[in-house]
Amino acid sequence: MLYLLAILLPPLAILLSGWVITGIIVLIIWVPAIILSGGLTHPMFIILAWLMIHQAKVRREP
């Protein structure tokens, strides 16, 4: 479910996957990047969120 959320709101998906500080930093960068680039940087943030969600799942597995 987090992967689908990452498509719409990557910073929120990063926050919910357990990367709190990184999620806040990404949110601070994401909002101006979306406004200034007209959405061209959004795929970069989606890929970042997917990688961080995957890494969080790998970290939790014993």
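The chain is numbered in sequence order, starting from 1.
- Shown here are the side-chain contact (heavy atoms from CB on, under 4.5 Å) partners of Ala6, two or more places apart in sequence or in another chain: Ala13, Ala49, Trp50, Ile53.
- By the side-chain contact (heavy atoms from CB on, under 4.5 Å) test, His42 pairs with Pro10, Trp30, Ile34, Ile46, sequence neighbours left out.
- Atom CG of Leu9 sits about 10.0 Å away from atom CG of Leu16, to the nearest 0.5 Å.
- For Thr22, the side-chain hydrogen bond (donor to acceptor under 3.5 Å, both in side chains) criterion is met by no residue, not counting sequence neighbours.
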What side-chain donor-acceptor pairs closer than 3.5 Å can you find for residues 55-62, not counting sequence neighbours?
{"residue": "Arg60", "atom": "NH2", "partner": "Ser17", "partner atom": "O", "Å": "3.1"}

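- Hydrophobic cluster membership is shared by Leu27 and Phe45, with clusters built from Ile, Leu, Val, Met, Phe, Trp and Tyr side chains linked at under 4.5 angstrom.
- Across all non-hydrogen atoms, the minimal contact from Val26 to Pro11 is CG1-CG, 4.0 Å.
- Using a 4.5 Å cut-off between side-chain heavy atoms of Ile, Leu, Val, Met, Phe, Trp and Tyr, with links allowed through other members, Met44 and Ile29 fall into the same hydrophobic cluster.
- Cluster annotation: Leu15 is not connected to Ile21 through the hydrophobic network of ILVMFWY side chains, with a link wherever side-chain heavy atoms come within less than 4.5 Å.
- Both Val31 and Leu5 are members of a single hydrophobic cluster when ILVMFWY side chains are connected at heavy-atom separations under 4.5 Å.
- For Leu51, the side-chain contact (heavy atoms from CB on, under 4.5 Å) criterion is met by Ile47, not counting sequence neighbours.
- In terms of hydrophobic clustering, with Ile, Leu, Val, Met, Phe, Trp and Tyr side chains grouped at heavy-atom distances under 4.5 Å, Leu8 and Leu12 are assigned to a common cluster.
- For Ile28, the side-chain contact (heavy atoms from CB on, under 4.5 Å) criterion is met by Ile24, not counting sequence neighbours.
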